[in-house]
Amino acid sequence: MSVLPRISYPPELPVSAARDEIADAIRDHQVVIVAGATGSGKTTQLPKICLELGRESIGHTQPRRIAARTIAERIAEEVGVELGDLVGYQVRFTDKASAATRIKLMTDGILLNELSHDRMLSRYDTIILDEAHERSLTIDFLLGYLKRLLPRRPDLKVIVTSATIDPESFARHFASADGTPAPVLEVSGRTYPVEIRYRPLVAEVDEEGEGREDRDLFDGILAGLDELAGEAPGDVLVFLSGENEIRDAEDAIRARNLPGTEVLPLYGRLSAAEQHRIFDTSRAPGIRRRVVLATNVAETSITVPGIKYVVDGGTARISRYGARSKVQRLPIEPVSQASANQRAGRAGRTSDGIAIRLYSEEDYEKRPAYTDPEILRTGLSAVLLQMLDLDLGDIADFPFLQPPDPRGIRDGRELLRELGALTADGGLSRTGRDLARLPIDPRFGRMVLESKRNGVAREVLAIVAGLSIQDPRERPLEKREQADQSHARFADPTSDFLSLLNLWNHLEQRQKELSSSAFRRLCRAEFLNYLRVREWQDVYRQLERLARRIGIPAGEPKVDPDGIHRSLLSGLLSQIGVLDQRSAASGRDKGRRSAEFVGARGVKFAVFPGSALAKRPPSAVMAAELVETSRLFARTVAAIDVAWAERLAGDLVKRNYAEPHWEAKQGAAVGFETVTLFGVPLVTRRRVQWSRVEPAVAREMLLQHALVDQEWPPHLDRSRDPAFDFERANTRLLRELGELEERTRRRDILSGSEAVLGFFDARIPADVTTVRGFETWWNAARKEAPSLLTLGRTDVLEEDEDVPDVQQFPTTWHTDDQRLSLRYRFEPGAEDDGVTVEVPLPLLLASPRPGSTGWCPGSARSS
DNA sequence: GAGCACTGC
């Protein structure tokens, strides 16, 4: 054992006082939870305690790169050693750890990555998982992995630290075999009291009991500032949802012309210089207070100095994966209680503070305690890929703190299959193994693999690296048009991907010609964030190295737009859209709304207004990303030719689904195949029945598939059967579902579901034996009978609502000639075991939502 | 006609 330097503990830190207690707990238990508020000193002192306990190799993870670096620097300084020696750190592009390193700070992503070549984490005897309450995808995965690893590594100690919110959940997660939870040690923080004042925007009901008067958000902010002007001097931090609100608030405050007040915006896409003004605490003459208008950056990443007051607008944009649209959404939502408290806490860093909440206390009390962890809010393809690569077995058995939605898992698997990452039995294909080696979104990784075939690896690597980072193009508030003009020099009228490549080539060229300080100046003059440009180049170099390792050398520069787009398409099969002629025509009439495209699963989206393609919409596009903000937008798009795309997509689909799964059932083949339908839903995967099967078998099979896949098979309804009483069947179904609503306390079960189900007879004509033939038949059938139900949604429960007590999908179903039974299971711990809904067959219909396009043979509207 | 924040051999 090496000689330890003298270890001392700053006496002013609360954690120092609890040192012995913490040391005892770590010595006596394999897992210890340390809950401590900001300023407790846990982050810097825990590794020192471990060192004193004789732990030889301590891995200490942080969610952010900056934190990993600065904490390592601070510990090294406190212990009095050179950084990189006893204390080191490793983040994405920097490794400052050596053989002598016994305390290694790193991002949690680095630790996750080390698993791929060290499944037992054998180089560590102690792991400190810091800031676990942030519950990133990586943290949740590591928590599950460590739980499984602990019995096989009895010598391994794990310390999980969290803010004071809900440490018990971690303690329960790491309970010993007999159910005893891991010990929780609470360390007090070192913050000052913050007075909470509720100033809701909805004014109280007046004396007559009526005349509710609403103030808008900006009046609320101004009133808050007025109120705080009467308090002791101090800077104010205002939390808002995004750039728009910040700009409007800034206008409102300036219009009021408050004396001695300086207003500073703060959000991610601001230029580095504008962000830096926050840290410059010197003031112009006559300025008495600063008002910082910020997004959530100020809640987690950036600590604004000198804040005494907080005004909390109460909302934020929260990224959520839309299970139905398969698209990432950015809705503005009320923040959780934990988040509101975090925001308020920002007022108590240096002295007593006041936080004004622009909502009522009742509103606060009704909010969820915590923000949903990322694993419940995001696409899971990358996690699934990692798990498959690590051979972790069935994801359903993995000990997640909170298991992800089964639908999300299925979607993630579907995407991996679309990319050709899976074999028939669900394991990783060669493509999948290669994808797992690339630290980027699987879609982007797939583009890189395809680029080799087209000889454009260099170009695709540059584009993909650019798509992976935050956009380096800055748009300062005052000079937005100037910035847009500067960026427009690189615009390719047919492809934002090529625009990105043009910018990349420009930067590479100029960097060669210029000194590093001149290059930095150039970036500033051209409205490019230098740090992000560097990040882009770093990611490129990293990807280039890794791609070479899996047999894809970058190669010489090549001008081949078609080859580039062919490569990109391989990752974007389900991100293609064709121009919706009808909406295009009506858009022209109205003259305002941008043209809409129809994508996979029938989703409609528009090209993002900032795109070079927004002005003149092409007949078809492929998009790197679909994001729903106020509408569904495609960001970073390329114009493509429909025939070209269809042909290529067909080839790719054949390659990606190279090993279709076949199953013989009573003489009929059931295939998993891909149907590309341009003009209708496009590239998607569905099960196609190739030939006639026994009706009973078909019914069971199709029912199951419909329920599992949310895609009702395009078979017949009974709309032309004069004997069938739709009205009665409708009424019956609505009543059944109404009862379900009651029992699950859900009012809106039906509101999201349009036409559900049609009776099927499995009567595909015998001469239909191919996918192409099926499409032809199906399209003709649709023309002939436009009232045929085309798409049945069977996810009767709305996706976005919080339904803690009932699983969102029927877990079992059963059918006979008379009825369909759906069994919904309650989650463990609910009073009841579950609920069954029975629906008569054959069935029907029904959208209770006004304005729905769902055709409904039995509804009042159709008669 | 318009954008929360992070991260990865």
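Reminder, nothing fancy here: chain letters follow the sequence lines and each chain counts from 1.
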Check: Base, sugar-phosphate alone, or nothing: which one does Asn244(A) contact when heavy atoms must sit under 4.0 Å apart?
Finding: sugar-phosphate
Next item on the list: Could you check how far CG of Leu266(A) sits from P of dG3(B), rounded to whole Å?
Entry: 19 Å
Notebook entry, point to check: Which part of the nucleic acid, if any, lies within contact of Tyr267(A), taking any heavy atom under 4.0 Å across all strands shown: a base, the sugar-phosphate backbone alone, or nothing?
Noted result: sugar-phosphate
Next item on the list: State which of dC6(B), dG1(B), dC9(B) makes the closest approach to the side chain of Pro439(A).
Entry: dC9(B)
Item checked: Candidate nucleotides dG1(B), dC9(B), dC4(B), ranked by approach to the side chain of Leu330(A) - the nearest -> dC4(B)
Item checked: Phosphate-side-chain proximity, Ser319(A) and dA5(B), N/O vs OP1/OP2 below 4.0 Å -> no
Next item on the list: Return the value, rounded to whole Å, for the distance between atom CG of Asn296(A) and atom P of dG3(B).
Entry: 16 Å
Margin query: Test your reading of the model: is there a side-chain donor-acceptor pair from Lys452(A) to the backbone of Gly551(A), 3.5 Å cut-off?
Written below: yes
Note to self: Below the 4.0 Å mark, does dC6(B) have OP1 or OP2 next to a side-chain nitrogen or oxygen of Thr300(A)?
What the structure shows: no
Notebook entry, point to check: Taking CG from Leu293(A) and C1' from dG3(B), how many angstroms apart are they, rounded to a whole number?
Noted result: 17 Å
Margin query: Does dC9(B) have its OP1 or OP2 closer than 4.0 Å to a side-chain nitrogen or oxygen of Arg92(A)?
Written below: no
Check: Using a cut-off of 4.0 Å on non-hydrogen atoms, how would the nucleic acid contact of Arg64(A) be classed: base, sugar-phosphate, or nothing?
Finding: sugar-phosphate
Next item on the list: Look at all strands and tell whether Thr107(A) reaches a base, only sugar-phosphate, or nothing, counting heavy atoms closer than 4.0 Å.
Entry: sugar-phosphate
Check: Expressed in angstrom and rounded to an integer, what is the separation of Ile139(A) atom CD1 from dG8(B) atom C1'?
Finding: 14 Å
Notebook entry, point to check: Taking atom C1' of dC9(B) as reference, at what distance in whole Å does atom CG of Leu546(A) sit?
Noted result: 6 Å
Next item on the list: Give one of base, sugar-phosphate or nothing for Ser116(A), where a contact means two heavy atoms less than 4.0 Å apart.
Entry: nothing
Note to self: Within the 4.0 Å heavy-atom criterion, would you say Arg475(A) contacts the bases, only the backbone, or no part of the nucleic acid?
What the structure shows: base
Next item on the list: Could you tell me whether Gln542(A) contacts a base, only the sugar-phosphate backbone, or nothing, with contacts defined as non-hydrogen atoms closer than 4.0 Å?
Entry: sugar-phosphate
Margin query: Please tell me if Arg480(A) has a side-chain N or O lying less than 4.0 Å from either OP1 or OP2 of dA2(B).
Written below: no
Notebook entry, point to check: Atom CZ of Arg532(A) and atom P of dC6(B): how far apart are they, to the nearest Å?
Noted result: 8 Å
Check: Hey, do the aromatic rings of Phe141(A) and Phe398(A) have their centres closer than 6.0 Å?
Finding: yes
Notebook entry, point to check: NA contact type, Arg549(A), heavy-atom cut-off 4.0 Å: base, sugar-phosphate, or nothing?
Noted result: base
Notebook entry, point to check: How are the rings of His487(A) and Phe527(A) set to each other: parallel, tilted or perpendicular (split at 30° and 60°)?
Noted result: perpendicular
Item checked: Nearest-angstrom distance from the residue atom CG of Leu111(A) to C1' of dT7(B) -> 14 Å
Notebook entry, point to check: Checking side chain to side chain donor-acceptor pair (under 3.5 Å) for the pair Thr303(A)/Arg346(A): CA distance, chi angles, key distance, verdict?
Noted result: CA-CA 8 Å; Thr303(A) 303; Arg346(A) 293 288 172 177; 3.2 Å; yes
Next item on the list: Measure from CD on Glu131(A) to C1' on dT7(B) and round the result to the nearest Å.
Entry: 15 Å
Notebook entry, point to check: Taking for each residue the nucleotide of DNA chain B with the nearest heavy atom, is it Arg377(A) or Pro442(A) whose nucleotide lies nearer the 5' end?
Noted result: Arg377(A)
Checklist line | Gln90(A) side chain, from C-beta outward: closest of dC9(B), dG1(B), dA5(B) | finding: dC9(B)
Next item on the list: Check every strand shown and say whether Gln470(A) touches a base, only sugar-phosphate, or nothing at a heavy-atom separation below 4.0 Å.
Entry: sugar-phosphate
Check: Do the side-chain N and O atoms of Thr636(A) and Asp496(A) include a donor-acceptor pair separated by under 3.5 angstrom?
Finding: no
Next item on the list: Give one of base, sugar-phosphate or nothing for Ile110(A), where a contact means two heavy atoms less than 4.0 Å apart.
Entry: sugar-phosphate
Notebook entry, point to check: For the residue pair Trp504(A) and Tyr540(A), does the interplanar ring angle fall in the parallel (under 30°), tilted (30 to 60°) or perpendicular (over 60°) class?
Noted result: tilted
Next item on the list: Kindly say if Asn113(A) contacts the phosphate of dC9(B), meaning a side-chain N or O under 4.0 Å from OP1 or OP2.
Entry: yes
Check: Relative to the 5' end of DNA chain B, which residue comes earlier, Thr138(A) or Gln328(A), by the nucleotide with the nearest heavy atom?
Finding: Gln328(A)
Item checked: Arg123(A) and Asp118(A): CA distance, side-chain angles, deciding distance, salt bridge (charged side-chain N to carboxylate O under 4.0 Å, His left out) verdict -> CA-CA 8 Å; Arg123(A) 58 171 297 187; Asp118(A) 181 9; 5.9 Å; no
